[in-house]
Every structure is written in C-alpha cells, then in structure tokens.
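I have placed the structure first, in the form of structure tokens, so that the comments after it can refer back to it.
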Amino acid sequence: MERRNFIKTLAVSGAAGLTGNTLQAATTQKKKTAQKVTANDREYWSDLLYKIASPVLSNMAKGELQKNMTVELSPTWDGRDKAVTYMECFGRLIAGVAPWLTLPEDNTDEGKKRKQLRDWALQSYAHSVDPSSPDYLLWRKEGQPLVDSAYFTNALIRAPKQLWEPLDNTTKQRIITEIKLLRRVKPPYTNWLLFAAMNEAFLLMVDEDYDPMRIDLTLQKLNEWYVGDGWYSDGTKFHFDYYNSFVIHPMLVEILEVLVEKNTIRKDVYEQALKRMKRFSEHLERFVSPEGTFPPFGRSLTYRTGAFQPLALLAWKKQLSEIHTEGQIRSALTAVHKSIFVAQSNFTSDGYLTIGFAGHQPELGDWYSNNGSMYLTSTSFLPLGLPEKDSFWTSPEEAWTSKKAFKSELFKKDYPVEY
C-alpha cells in the first residue's frame, strides 16, 4: 500500500509538472513512513517481551515467584515435583531476555524497562541459588534441572557484562557450585548432551575447572547425527519437530563460540556448524505463511515462537544467511509474533504464560509440560539486543518468501546443500 501511494504521488506530481522540490518532498515522506513502520515493529517487540518477562522477574526479584506464580501442569503430567516449573520459567525466560539487557542505559521508555528488567534479573539470579530464599530453585532433585540450567548459563554467556560480572562473589560461587553438582545427572544420548556441554562451556568462559569430555562427546555425537541439508537428528533417529530450533543449532553454535574464544577448538569446526544453522534458517523462513502463521508439527509445540530461535540468533549476531535481508526477516518474525500473541488467552489473568500454541490449549501439552516450559518463546526476541538505529530495525519492511510466492512475485528457488 505504501509503495502504491508513493507511486501515485509521483504520478500526480508528474501530471502537474514534477519539480525537484516535489520529488524531494515525496521521497522524504516515504522515508518518514518507513521509519514509523520499523519503529513500531521494535516497540511492538519490546512491549511484548516486557509483558512476558515482567511478572516473572518482578516477583522473583523479591523472592516471591514461587509464592505468586500461577502454575499450570499438562493434563498428562508425569508426576515430577511441580517446582521444576520455576526453574524452567526463569532459565528459559532469561535466555531470551539477556541480549536485550546488553544495550546501554538511556532515558527512553524502552531504556527504563530494560534497566528495570536488568535490576530484577540480577536480584533473581541471587535468589535462584540462595538456599535460604523462598525462590531457591530445584537444583538438586529430578533430572530436569540439567535442561534448564543450560538456559540459565546460556543467558550468562549471552550477557556476561550485564548478568555475570555485576553479581556478588557469594552468588557467583553458588552458581558455580550448583552447575558443577548437576554433573550428577547422566544425560541421555539426545539433545540433552548439549545441556551438559553448555554448562561446561559456561565454566570455561568464567575460567573455572570444566570437563572437556562432556563437550567433546557432545560435539562428536552431534556430528554423527547430522542428517544433511541443515538438519540434525535428535539421537540416532530423526524426528520431524522444532528441536533443531529449541536446542540443537543455537546451543551447538554458542558452545563452539566459547571454545573458539578460549582457543580450545579449530575455528573451522565452528564455521561449519554456523553454516549449517544458516541453511536450517532458510527452511524456517519458508515455513512462515503469507499471514505469519507457521506449521504446527512435532512435540513441544507449546514453546510457540521459540521455533524461530535460530533466525533470531543469526539476526542478533548479524550473521543471517546471504539470501535473507534484515527487513525480510524482521517483517517475517513480527508477523509470526502477531499471529501467535493476538490471543489474550496466551496469558493468565495475572500475566503468566499458559500452556498452548496460539492461546490457551492445555491439551497440546506433553507429559513434561508446565507453563514454566512455555517461556522458551522468549528466545525469538533475541534481535532486541540490536540498538534501535541498527539496520535490522531501520531497513524497509519487506515481503518474505511465502508472501512473495503467493502474490505471484519473483522469489528465490530452493535446493539442498552438501555441507
């Protein structure tokens, strides 16, 4: 619509005798309109993530999350201690929020929200490992804490200067102790190997003793499980689901980033994993329909927009596939968020996420699902770690592949790759 109006303006001006001033005015108006659209995208993203995060972090900062959070369990819940809900909630949420908190403080409305979230997050980290706190997390029971400890440490890797360095020494030592004690959990030969490896990568990052075997085994198995064209199997058998997004690609690449930085692995190993994630992201982009919906297949569907974590991570790192533009990916991800979060029933009356895909649909929960699990959706917001004036936010809105395809516009064909 914007382009047609612009052309119409030029046509009318031409009929009246187009002048340089008229053309300049029309061009300026087009730029202002584009800036307004992209600014609204960022405002929408930041307001939505704040809405998701604030009930959790504001309560946990006071040690009152377990007191006040409305807990929902799947109808097929397996009977584990429901306190895993809080571990999942905080770990997954903070992994998605962390990049946003890396931006410097400012006096804008968004900047004030960021500062508030960062302050709450630091207080929440302290409560999470303090045995005397009502919000001490479930570190030493069940096997599930291994999973969410990896998101907990992933956030510290994503925002070390904002979330790790400001912590007091007691809290730091408590975190290190809890992470090392989780070596008691023997991960199955599935994506769970990455959770163990992520924790060891964190320990390596903060110059603590780490177990290289947990990392080396994970890298070896993931390489064996690569099935081609950007996809990994989850264990020895391939499952068609979004676990390449939820866990495999992002964690593998970010573990390797730490190893490269610490000079413990060849850079080409990291580059190969990154290249494969870029290829996988090309498939993800094509999953987005012209309306912004995406196919609901596989387990853990209730993690909602977390299915797009690889695209979000690549955008934040400025490493998108060469066939993608920033305006295209921002537009696609904005449409995805709107298609999911238009339903008010995504949230409880007191602001916590509910179990569901596009709204409250508890019957879609798996045997391991609680509403704390749902906070993995935050990992689709990683580009908020880019400043407001970054080209990701200022690039003109652009149609993504499916939108072009169903409007009979030219779009790039797709072929398999051999790497």
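Residue indices begin at 1 and follow the sequence shown. Everything numeric in this text was worked out from a predicted model, so none of it was measured.
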Exercise: identify the closest heavy-atom pair between [X] and [Y]:
{"X": "Met374", "Y": "Leu353", "result": "O-CD1, 3.7 Å"}
{"X": "Trp77", "Y": "Ser369", "result": "CE3-O, 3.4 Å"}
{"X": "Val97", "Y": "Ala53", "result": "CG2-CB, 4.1 Å"}
{"X": "Thr153", "Y": "Ala150", "result": "OG1-O, 3.2 Å"}

In chain order, what residues pass the side chain to side chain contact (heavy atoms under 4.5 Å, CB included) check against Pro188, with sequence neighbours excluded?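 If we apply the side chain to side chain contact (heavy atoms under 4.5 Å, CB included) test to Pro188, skipping adjacent residues, the hits are Thr190, Trp192.
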Would you please test Arg114 and Asp109 for salt bridge (Lys or Arg N to Asp or Glu O under 4.0 Å) and show each step? CA-CA 9 Å; Arg114 275 201 316 270; Asp109 181 61; over 6 Å; no
Sequence neighbours excluded, which residues qualify as ring-ring contact (aromatic ring centres under 6.0 Å, His included) partners of Phe287? Phe297
Listed partners of His360 passing ring-ring contact (aromatic ring centres under 6.0 Å, His included), at least two apart: none
For the residue pair Arg276 and Tyr419, would you count it as a cation-pi contact if the rule is NZ or CZ under 6.0 angstrom from the ring centre and within 45 degrees of the ring axis? no
Under a plain distance cut-off of 3.5 Å, with no hydrogens placed, do [Y] and [X] share a side-chain donor-acceptor pair?
{"X": "Glu178", "Y": "Tyr136", "result": "yes"}
{"X": "Asp148", "Y": "Gln144", "result": "yes"}
{"X": "Ser128", "Y": "Tyr86", "result": "no"}
{"X": "Thr401", "Y": "Glu285", "result": "yes"}

Matching residue for Phe202 among Phe195, Tyr210, Trp164, Tyr151 - test: ring pair (Phe, Tyr, Trp, His ring centres under 6.0 Å): Trp164
Salt-bridge test for [X] and [Y]: reply yes if a basic N is under 4.0 Å from a carboxylate O, no otherwise.
{"X": "Glu200", "Y": "Arg183", "result": "yes"}
{"X": "Arg330", "Y": "Glu398", "result": "no"}
{"X": "Glu291", "Y": "Lys403", "result": "no"}
{"X": "Arg279", "Y": "Glu282", "result": "yes"}
{"X": "Arg158", "Y": "Glu254", "result": "yes"}
{"X": "Lys172", "Y": "Asp168", "result": "no"}
{"X": "Lys318", "Y": "Asp390", "result": "yes"}
{"X": "Lys62", "Y": "Asp135", "result": "no"}
{"X": "Lys113", "Y": "Asp47", "result": "yes"}
{"X": "Lys115", "Y": "Asp119", "result": "yes"}

If we ignore hydrogens and angles and just use 3.5 Å, is the side chain of Gln361 paired with the main-chain N or O of Ala358 as donor and acceptor?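 Judged by distance alone, yes, a pair lies under 3.5 Å.
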Is any side-chain heavy atom of [Y] closer than 4.5 Å to one of [X]?
{"X": "Asn199", "Y": "Phe152", "answer": "no"}
{"X": "Ser331", "Y": "Thr334", "answer": "no"}
{"X": "Glu72", "Y": "Pro362", "answer": "yes"}
{"X": "Leu284", "Y": "Pro310", "answer": "yes"}
{"X": "Trp316", "Y": "Leu384", "answer": "no"}
{"X": "Leu320", "Y": "Lys278", "answer": "no"}
{"X": "Asn223", "Y": "Leu219", "answer": "no"}
{"X": "Val247", "Y": "Val147", "answer": "no"}

Between [X] and [Y], is the ring centroid distance below 6.0 Å?
{"X": "Trp225", "Y": "Tyr189", "result": "no"}
{"X": "Phe357", "Y": "Phe294", "result": "yes"}
{"X": "Tyr50", "Y": "Trp45", "result": "no"}
{"X": "Trp231", "Y": "Phe280", "result": "yes"}

According to side-chain hydrogen bond (donor to acceptor under 3.5 Å, both in side chains), who are the partners of Ser54, at least two apart in sequence or on a separate chain? none
With sequence neighbours excluded, residues passing salt bridge (charged side-chain N to carboxylate O under 4.0 Å, His left out) with Lys407: Glu409
I'd like to check the salt bridge (charged side-chain N to carboxylate O under 4.0 Å, His left out) partners of Lys141; sequence neighbours left out, ordered by chain and number. Asp81
If you draw a 6.0 Å radius around [atom1] in [X], do more than 12 non-hydrogen atoms from other residues or ligands fall strictly inside?
{"X": "Glu271", "atom1": "CD", "answer": "yes"}
{"X": "Lys262", "atom1": "NZ", "answer": "yes"}
{"X": "Phe238", "atom1": "CZ", "answer": "yes"}

Derivation of the salt bridge (Lys or Arg N to Asp or Glu O under 4.0 Å) call for Lys112 and Glu105: CA-CA 8 Å; Lys112 291 173 183 176; Glu105 293 184 12; over 6 Å; no
Quick one: sort the Phe246 and Tyr242 rings into parallel, tilted or perpendicular, breaks at 30° and 60°.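 If you compare the ring of Phe246 with that of Tyr242, the planes turn out tilted.
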